[in-house]
Amino acid sequence: MKKLLLGTVLAGVVAIGAACSNNSSMQGHDMSNMNMKEENTAQDSSKKLPLATNTEVLSGKEINLTAKEALLQINDQVKLPVYTYNGSVPGAQIRVKQGDNVKIVLKNELPEPITIHWHGYPVPNNQDGVPGVTMDAIKPGETFTYEFTATVPGTYWYHSHQKSAEQVDKGLYGTLIVEPKNEEKVDRDYTLVLDEWMSNPDEGNMDMSGMDHSNMNNENSSDNQQMDMSSMGHDMMNMYDIFTINGKSGSAVKPLKVKKGEKVRLRLVNAGYMSHKLHLHGHEFKIVATDGQPLKNPQPIKDELLNIAPGERYDIEFIANNPGEWLLECHGDMEGADGMKVKIQYEDQTNNTDKENAKENLPIVDMTKYGKHELGQFTLDQKYDVEYTMDLGTAMGKDGMIFTINGKTYPETAPVNVKTGDLVKVKIVNNSPKDVHPMHLHGHFFQVLSKNGKPVTGSPLIKDSLNVNPGEEYVVAFKADNPGNWMFHCHDLHHASAGMVTEVKYTDYKSDYTPDPNDTTNKGE
């Protein structure tokens with residue numbers, strides 16, 4: 001096991017559901033360890049695994065992915081067994097153009113069933129990759145072909161949705177870039193995927209037998225109980241002691257090369273379970289897109305932190321107009337934060353006067369006030385066909401901590417029932433005492449209309465993943481324009497596995513997939 005599996009330790013895992021390419025080196029990914037050396041794993045001295053390779057870029061009419069095991073060299077001291085798509089963490093970047101018909105053939109060479117979920121992408125429902133809901137999990141030795149049309153440009157990612165709290169933890173993810181038909185060209189285009197790891201995974205195998213489980217059967221336990229368990233969860237999360245960019249940490253992260261005068265795009269993807277506040281040194285930058293969707297007239301900002309929650313993506317751009325060597329670094333006091341940094345190096349420049357300042361208290365960009373204000377597709381006061389309130393909570397279940405929507409855990413949560421063409425408004429309220437809930441909707445984009453009762457005053461904010469801190473309230477809206485049965489869940493996947501999931505269900509949709517009630521391998525959480 002790579003990391004601490006809180007969904008297993010703290011809660012009874014809730015099952016969701018009945019759930020030829022052109023290769024090129026990928027800028028922004030570490031290209032070291034290209035030799036496929038054989039080494040013993042920490043788990044099984046008799047089993048030898050190859051070292052993880054560099055992340056490749058794949059395009060073409062048919063893209064082949066193979067899920068397989070490897071050893072990931074995170075830094076000069078830590079090497080961990082991982083799950084990969086095509087032998088790397090992150091897995092191969094799939095890069096296509098808007099309008100392309102995308103065909104991905106996935107072969108499973110792992111010892112357990114897997115899938116691919118196209119995070120943020122409005123694929124047809126039968127391509128969404130949720131075992132027990134849209135398909136059967138792909139068993140070891142089997143192959144499955146995903147097909148969809150790349151209709152919406154932007155930065156997306158893909159990951160397994162089978163036992164996802166474990167499999168994404170182990171590295172089973174990659175990025176999907178859809179280039180627009182009329183793309184504004186940049187000189188450098190780097191993709192940076194954020195994640196967290198445990199340097200000693202064995203510490204995560206906690207013995208819970210000595211825990212006091214009295215009064216745990218009552219889901220409406222006292223706030224003090226919730227706070228105690230929530231605090232324990234946060235202490236356990238501190239066991240993630242290595243933060244990475246593209247599977248590397250600290251000095252192992254490959255520098256980003258630039259030349260003076262170039263326009264540089266950074267695609268930032270959070271594949272982990274913690275929010276990360278990033279600071280770009282020495283340059284103004286613009287946030288040009290969030291979750292793949294462009295922002296209107298983004299203004300330059302400097303020395304502000306960009307908070308990236310689990311599942312979110314941000315595209316930022318800057319002009320390389322300040323020669324030297326500068327950092328993009330994570331701010332915070334977590335043990336692993338100092339490893340989540342990358343150097344931006346000007347070619348032919350050796351002067352380096354930049355200093356780390358990860359403890360400095362800088363303002364955080366408020367995305368509800370960023371960019372030019374104009375009316376989007378939805379407004380707060382228009383008429384909606386469906387309205388739904390999503391009360392997010394933390395409670396105690398009979399087997400440990402659970403995470404609830406309107407007091408229930410999946411599959412007992414009430415779905416958002418819609419029909420094709422409906423306009424839907426959802427109020428999301430986080431009543432958990434300490435837990436942050438990054439909520440992700442499959443198959444749709446939603447517009448963020450208000451935060452804590454105040455309307456959005458910046459650019460129309462279109463997202464598929466929204467970070468909701470304790471005590472916060474958001475109102476979002478979307479059009480039911482992609483028929484199917486879709487997950488709406490917390491993307492702290494430990495929270496999802498412990499119940500914080502509901503579905504958007506189209507009442508006028510008839511699925512051609514029927515889960516096998518005898519198939520116990522489908523674990524779509």
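For the numbers below, each heavy atom of this structure counts, side chains included, while hydrogens, waters and symmetry mates do not. Everything quoted here is computed from the prediction, not taken from an experiment.
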What I want to find out is whether Lys343 reaches Glu325 closely enough, with some N-O distance under 4.0 Å, to be called a salt bridge. yes
Between Glu347 and Arg188 (salt bridge meaning N to carboxylate O under 4.0 Å), is one present in this structure? yes
Side chains of Thr175 and Gln93 only: does a donor on one sit below 3.5 Å from an acceptor on the other? yes
Can you check ring-ring contact (aromatic ring centres under 6.0 Å, His included) on Tyr273 and His494, steps first, answer last? CA-CA 8 Å; Tyr273 299 143; His494 301 306; 4.6 Å; yes
Would you please say whether a donor-acceptor pair under 3.5 Å links the side chains of Thr290 and Lys463? yes
With distance as the sole criterion, is a donor-acceptor pair present between the side chains of Tyr173 and Gln167 under 3.5 Å? no
Taking atom types as modelled, is there a side-chain donor on Glu69 or Thr84 under 3.5 Å from an acceptor on the other? no
Taking every heavy atom of Leu110 against every heavy atom of Pro140, the minimum-distance pair comes out as O-CB, 3.3 Å
Any sub-3.5 Å donor-acceptor pair from Thr115's side-chain atoms to Gly129's backbone N or O? yes
Assess the residue pair Lys107 and Glu109 against the criterion (salt bridge (Lys or Arg N to Asp or Glu O under 4.0 Å)); give the C-alpha distance rounded to whole Å, side-chain angles, the decisive distance to 0.1 Å, and a yes or no. CA-CA 6 Å; Lys107 182 179 181 182; Glu109 293 183 357; 3.5 Å; yes
To the nearest 0.5 Å, what is the distance between CG (Asn431) and OG1 (Thr394)? 9.5 Å
State, to 0.1 Å, how close His281 and Trp326 come at their nearest heavy-atom pair, and which atoms those are. O-CB, 3.7 Å
Is a side-chain donor-acceptor pair under 3.5 Å present for Ser164 with His159? no
Here the gap from Ile245 atom CD1 to Leu192 atom CG, rounded to the nearest 0.5 Å, amounts to 6.0 Å
Determine whether the aromatic ring centres of Tyr158 and Tyr121 lie less than 6.0 Å apart. no
Do you know the tightest heavy-atom contact between Ala92 and Leu58? CB-CD1, 3.7 Å
Evaluate the side-chain proximity of Ile177 to Thr155: yes if any heavy-atom separation is below 4.5 Å, no if none is. yes
Taking all atoms of both residues into account, what is the closest heavy-atom pair of Ala271 and Val193, and its distance? CB-CG1, 3.8 Å
Would you please test Arg267 and Arg313 for side chain to side chain contact (heavy atoms under 4.5 Å, CB included) and show each step? CA-CA 7 Å; Arg267 302 177 188 266; Arg313 290 90 62 213; over 6 Å; no
Do His440 and Phe488 have ring centres separated by under 6.0 Å? no
Does a side-chain heavy-atom distance below 4.5 Å link Gln293 with Phe445? yes
Would Val365 and Ile301 count as a side chain to side chain contact (heavy atoms under 4.5 Å, CB included) here? Give the steps. CA-CA 9 Å; Val365 179; Ile301 52 181; 3.5 Å; yes
Below 4.5 Å, heavy atoms only, C-beta onward: do Leu194 and Leu278 meet side chain to side chain? yes
Could you go step by step and tell me if Ser249 and Asn75 meet the side-chain hydrogen bond (donor to acceptor under 3.5 Å, both in side chains) rule? CA-CA 6 Å; Ser249 188; Asn75 55 32; 4.8 Å; no
Could you go through the side chain to side chain contact (heavy atoms under 4.5 Å, CB included) check for Thr143 and Ile138 one step at a time? CA-CA 7 Å; Thr143 297; Ile138 307 162; over 6 Å; no
What distance separates Met367 CE from Asn467 CG, expressed to the nearest 0.5 Å? 12.5 Å
Cation-pi check, Lys170 to Tyr83: give yes when NZ or CZ is under 6.0 Å from the six-membered ring centre and within 45° of the ring axis, no otherwise. yes
Is there side-chain contact between Ser465 and Pro438, with at least one heavy-atom pair below 4.5 Å? no
More than 12 heavy atoms of other residues, nucleotides or ligands under 6.0 Å from CD of Glu142: yes or no? yes
d(Ile114 CD1, Lys139 NZ) to nearest 0.5 Å is 12.5 Å
If we count only N and O atoms by modelled type, under 3.5 Å, do the side chains of His442 and Asn125 hold a donor and an acceptor together? no
Is any side-chain heavy atom of Ile316 less than 4.5 Å from a side-chain heavy atom of Arg265? no
Exercise: do Asp128 and His117 side chains pair donor with acceptor under 3.5 Å: yes
Can you confirm whether the side chains of Asp303 and His279 place a donor and an acceptor under 3.5 Å from each other? yes
Side chains of Glu360 and His331: any donor to acceptor distance under 3.5 Å? no
I'd like to know if Lys97 pairs up with Glu179 as an ion pair, taking the criterion as any Lys NZ or Arg NE/NH1/NH2 lying under 4.0 Å from an Asp or Glu carboxylate oxygen. yes
For Arg95 and Asp189, run salt bridge (Lys or Arg N to Asp or Glu O under 4.0 Å): C-alpha distance rounded to whole Å, both residues' side-chain angles, the deciding distance at 0.1 Å, then the answer. CA-CA 12 Å; Arg95 200 165 187 114; Asp189 189 334; 2.8 Å; yes
Step by step, would you call Met439 with Thr502 a side chain to side chain contact (heavy atoms under 4.5 Å, CB included)? CA-CA 11 Å; Met439 299 304 294; Thr502 188; over 6 Å; no
Leu266 side chain reached by Leu328 side chain, heavy atoms, under 4.5 Å: yes
Answer yes or no: is there a side-chain heavy-atom contact under 4.5 Å between Ser275 and Ile308? no
Centroid separation under 6.0 Å, is that true for the rings of Trp118 and Tyr146? yes
Using modelled atom types only, decide if a donor and an acceptor are shared between the side chain of Asp492 and the backbone of Gly272 within a distance under 3.5 Å. no
Going by distance alone, is a donor N or O of one side chain under 3.5 Å from an acceptor N or O of the other, for Thr244 and Asp195? no
How many angstroms lie between CD1 in Ile364 and CD in Glu304, if you round to the nearest 0.5 Å? 10.0 Å
Any Lys/Arg nitrogen of Asp315 or Lys286 sitting under 4.0 Å from an Asp/Glu carboxylate oxygen of the other? no
Would you please say whether a donor-acceptor pair under 3.5 Å links the side chains of Glu56 and Asn86? yes
What I'd like to find out is whether the side chain of Leu51 reaches to under 4.5 Å of the side chain of Lys79, using heavy atoms alone. yes
Distance-minimising heavy-atom pair for Asn307 and Tyr314: O-CE1, 3.7 Å
Going by ring pair (Phe, Tyr, Trp, His ring centres under 6.0 Å), Phe403 matches just one of His489, His491, His495. Which one? His495
Any chance you could measure Asn469, atom CG, to Glu472, atom CD, to the nearest 0.5 Å? 4.0 Å
Return the minimal non-hydrogen interatomic distance between Gly174 and Pro90, and the atom names on each side. CA-CB, 4.4 Å
